[in-house]
Enquirer: 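First, the structure itself, so that you have it in front of you.
Below, each value reflects all heavy atoms present in this structure, side chains not excepted, and no hydrogens, waters or symmetry copies. In what follows, chains are A, B, ... by sequence order, proteins preceding strands, each numbered from 1.
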Protein chains: 4
Amino acid sequence: MPKRKDKLTSNIGWSISDQINVHGLDLPSEILGHVNLGDMAFMQVTGRRPDPAESVVFNAIAVTLVEHGITPSALVARLTYMGAPESLQAAVAAGLCGLGTVFVGSMEGASRMLYAALPRDQAGQGADLGAIADDVVSDHVAAGRIVPGLGHPVHKPVDPRTPRLFQIAAENGKSGDYVRLMQLIQEKAEAQSGRQLPINATGAIGAICCEFGFPQEIIRGFGVMARAIGLVGHILEETRDPMAYEIWQRTEEEILASSGPDRG
Amino acid sequence: MPKRKDKLTSNIGWSISDQINVHGLDLPSEILGHVNLGDMAFMQVTGRRPDPAESVVFNAIAVTLVEHGITPSALVARLTYMGAPESLQAAVAAGLCGLGTVFVGSMEGASRMLYAALPRDQAGQGADLGAIADDVVSDHVAAGRIVPGLGHPVHKPVDPRTPRLFQIAAENGKSGDYVRLMQLIQEKAEAQSGRQLPINATGAIGAICCEFGFPQEIIRGFGVMARAIGLVGHILEETRDPMAYEIWQRTEEEILASSGPDRG
Amino acid sequence: MPKRKDKLTSNIGWSISDQINVHGLDLPSEILGHVNLGDMAFMQVTGRRPDPAESVVFNAIAVTLVEHGITPSALVARLTYMGAPESLQAAVAAGLCGLGTVFVGSMEGASRMLYAALPRDQAGQGADLGAIADDVVSDHVAAGRIVPGLGHPVHKPVDPRTPRLFQIAAENGKSGDYVRLMQLIQEKAEAQSGRQLPINATGAIGAICCEFGFPQEIIRGFGVMARAIGLVGHILEETRDPMAYEIWQRTEEEILASSGPDRG
Amino acid sequence: MPKRKDKLTSNIGWSISDQINVHGLDLPSEILGHVNLGDMAFMQVTGRRPDPAESVVFNAIAVTLVEHGITPSALVARLTYMGAPESLQAAVAAGLCGLGTVFVGSMEGASRMLYAALPRDQAGQGADLGAIADDVVSDHVAAGRIVPGLGHPVHKPVDPRTPRLFQIAAENGKSGDYVRLMQLIQEKAEAQSGRQLPINATGAIGAICCEFGFPQEIIRGFGVMARAIGLVGHILEETRDPMAYEIWQRTEEEILASSGPDRG
């Protein structure tokens, strides 16, 4: 537990009758009309405005995470909205609850792996990335753990988001040792396993987040914020072209047939 | 309940091994690097990319909604994270659950009021906005209901976000009958009540959302998605400069003193 | 908004080093081993222990609400757990988020209807229940609203829970004007519509809650607490006999076929 | 990821027009009026009715977990309800989201520790519990980890719930090797550290859960279901004697003073 403190403090912002200040900037005159939503997300995490190159890369990361079709979290949001259409916010919240270790967690896992293998103060200092990649893969094989950020059930041999994200990062000065290390880890892992192990989007994003130096404990948050945007879109579609009721009814009927009083 | 259907459908997107399509665009080549996060949110709701003017206005709306200090939902996210730091996503979700009728709902309420007073097919057709505003205010007074989107406990006589949002809207072709009607409703309401009733940020945003023609049932969603971004920032600050534990301890101690065995 | 206050207070309970007091009782010596979980729920809402008859009826109500198969909220809990197995609590939370106006809300709706038709201080005073029932049905017909607590898609002509709940209520002194009024409303509604409109379980529970005099704003809470218990059972089954992954995969495949690049 | 399957199945229950079956029993005739809410929770987890002794112990465990004053999760539920009073279910859900590793997780942690030290097939077989307890404490000290289920910030030198829970367990045949092992671990840990380390309620419950043989992955679920009941009580009190608004306002004012434009 944290220590007791005399005074509650926060550096995010403050407001008085005629001013609203966020991260040291006057919201109406210095933020509104000057930054886009991705820049604002960057500010929430770093406390400062991104420069133009950072803005492009960070927005690309965030945009990537918004939407990937009928995921479990989209199903959850739609099923929840069916029962409580008065609470759009709770349907989004329910959808976010499943963005844990299995799905969005791999982004955080990739960053943790890269930071552990190459601490931030050693990045860009000429470390032997090939040797580090060998160690990372060997350690994961020895421990029987999969390498986070590699492999995809659908996108093979290449996740089409990855080369594009790496291109955008390279064009904007965010492709350094971490991106290279991720690529080397992939090569070693494919060689070692004899299987196709593309760097998936969460692996690419995890590596680029390391290039930014984002703290690893917040990286999952990028997936969470982006998915909140995506889920609003799914809920809107559910109001027009619903699928939740049909999925529910089919499931109930199938369970009744397999497990009910007349099961074979 | 909806009708049963033979075939589940969705128009948001699809992916196969080497392609990911979102709203009819190829995500890697046509979206990433070309749109910012606010544009992507616009696409989730409209199914199309915003034009440059729409992008500026929509991003300004969304950015406005990200952050407003230590709100109840920020407190909720911080208190939840203290108990379950392994689930950042659940802390954000918990924070979103309270964005209901009392807070973010006023944005939706303003839009509903404006659409009801001036249906979309009558906007821009020379309606007598002053007469409509009179009716709106009279109806609310008669029913004993407050006018949504007016008044603020702190920001008086003007909510500093409102003139800036209206300026951005005007500069980008999104200031028409709905913005004017909201302003007239404010004037009538202030005259009628003799009190300062500034158009607050949710009122301004509700009016601009009507200019866009956004469906009223999704407008609350803009607040939800933006606040998800804001909450990630609060959770990150909580990891560095916590307040949840102190707030909890103080509350427990005060309750024990007022309501415990030794209360006066 | 509520008024500011000098002192935070709570009457639920307090604890000091060697004592824990809940609703005025010493938890270890006066509660543990003496009350069951349903009684404890009753205490949370009323501030006192139920008498033996109240205990039987209230436990029956709560038990009824625990489980009803593969509901949308069970699907939500299972889908959420698949993505975040480290957060059982968030999977339960997600499942609860959908217990809104469409499903559990009908219990609250029935109670609100009955309290509005027969205020608590007029119950048991010889009111003309048949005339009241006529008015209730006429009002709903005139307004084009369905009568809450009537009708069920599966359980016809009788919801088998309803006669049993009414029997338990009658045997324990909780069958008075509200139960009778609900039954008369059903008769009138069936006569008026010519359709089978069984009192469903939420209608029966809504009526019995009125017999207890529970405040209407908390009645939905009985469904929420009971369902939390049910969802833990579904999550445990999901760890052993999962269905979430299969449902997700089938849905994705069907959407890809209907709405993907090769759709007919 | 799980394997694909041809047929969705569930053994929890089923319903047809005139029957509702839960865990193999007819809900109306065999469950309602015969079991209390704690028994129903036991059935959800074990698939069978508890015997009378099991019922007493399990209900005592569950009742213990319902209420412990103004916890962070109670604050979260109250703050959420203030913003979205139309969604009682979402306020409960928000409150549950924080029942993670820090709070309720210690119950699961105690069970995991005990099962790991004494596998279920070795319980009751005359294992040298003292030696096992020595190893457990040494291992935790060596790893720098605290022993789950020991210590309490308020309840010292004894958590008053613990002796009562152990008494109820002993009177009902649920006090065996696991309870004894937990007690020995406490003795060793106190001797080793020279500090008061009472077995707290979650430690006592974790040990008793092992006596039942409950699967460790579901034990946190008992805390979650019980707290859902508790939170409904807090929300009801919040409607009558609110504290959320006052806590929010005080926090905002303090942050403004410490971190706003006029900070010292």
Side-chain angles (χ1 to χ4, degrees), chain A residues 1-2 4-24 26 72 76 80-81 83-98 100 102-103 146 151-154 247-264, chain D residues 1-2 4-24 26 72 76 80-81 83-98 100 102-103 106 146 151-154 247-248 250-264:
Chain A
M1 281 295 136
R4 297 295 301 267
K5 50 178 30 174
D6 288 338
K7 223 167 49 170
L8 303 179
T9 52
S10 171
N11 285 311
I12 292 179
W14 48 261
S15 56
I16 55 177
S17 64
D18 60 345
Q19 291 181 51
I20 299 173
N21 191 289
V22 179
H23 301 298
D26 182 60
V76 162
T80 300
Y81 188 76
E86 72 281 10
S87 295
L88 184 146
Q89 69 277 5
V92 175
L96 296 183
C97 282
V102 175
F103 296 117
I146 62 162
H152 198 283
V154 171
I247 292 170
W248 170 36
Q249 291 299 304
R250 288 185 194 176
T251 305
E252 274 213 324
E253 289 169 1
E254 185 172 339
I255 299 285
L256 187 64
S258 75
S259 313
D262 302 319
R263 62 183 171 277
Chain D
M1 283 294 136
R4 296 296 301 267
K5 50 178 30 175
D6 288 338
K7 225 168 46 171
L8 303 179
T9 53
S10 172
N11 286 312
I12 291 179
W14 48 263
S15 57
I16 55 177
S17 64
D18 60 346
Q19 291 181 53
I20 298 173
N21 191 288
V22 179
H23 300 299
D26 182 59
V76 162
T80 301
Y81 188 76
E86 73 280 11
S87 294
L88 185 146
Q89 68 277 6
V92 175
L96 297 183
C97 282
V102 176
F103 296 118
S106 61
I146 62 163
H152 197 283
V154 172
I247 292 170
W248 170 37
R250 289 185 193 176
T251 305
E252 274 213 325
E253 289 168 0
E254 185 171 340
I255 298 284
L256 187 64
S258 74
S259 313
D262 301 320
R263 62 184 172 277

Enquirer: Restricting to salt bridge (charged side-chain N to carboxylate O under 4.0 Å, His left out), what partner residues turn up for D:Lys7, sequence neighbours left out?
Expert: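 Salt bridge (charged side-chain N to carboxylate O under 4.0 Å, His left out) list for D:Lys7, sorted by chain: empty.
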
Enquirer: Enumerate by number any residue of residues 11-21 of chain A whose heavy atoms lie under 4.5 Å from heavy atoms of chain D; in the absence of such residues, state 'none'.
Expert: A:Trp14, A:Ser15, A:Ile16

Enquirer: Checking D:Thr9 side chain against A:Ser258 main chain: does a donor-acceptor pair fall under 3.5 Å?
Expert: no

Enquirer: Heavy-atom pairs under 4.5 Å with chain A - which of D:Thr251, D:Leu256, D:Thr80, D:Ile255 has more of them than the others?
Expert: D:Ile255

Enquirer: Tell me, for D:Pro153 versus chain A, whether the close heavy atoms (under 4.5 Å) come from the side chain, the backbone, both or neither.
Expert: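 No part of it gets close to chain A.
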
Enquirer: Can you name the nearest heavy-atom pair linking D:Glu86 to A:Gln89, along with the distance?
Expert: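 What the structure gives for the nearest pair is OE2-NE2, 3.7 Å.
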
Enquirer: How many angstroms lie between atom CD of A:Glu253 and atom CG of D:Leu8, to the nearest 0.5 angstrom?
Expert: 12.0 Å

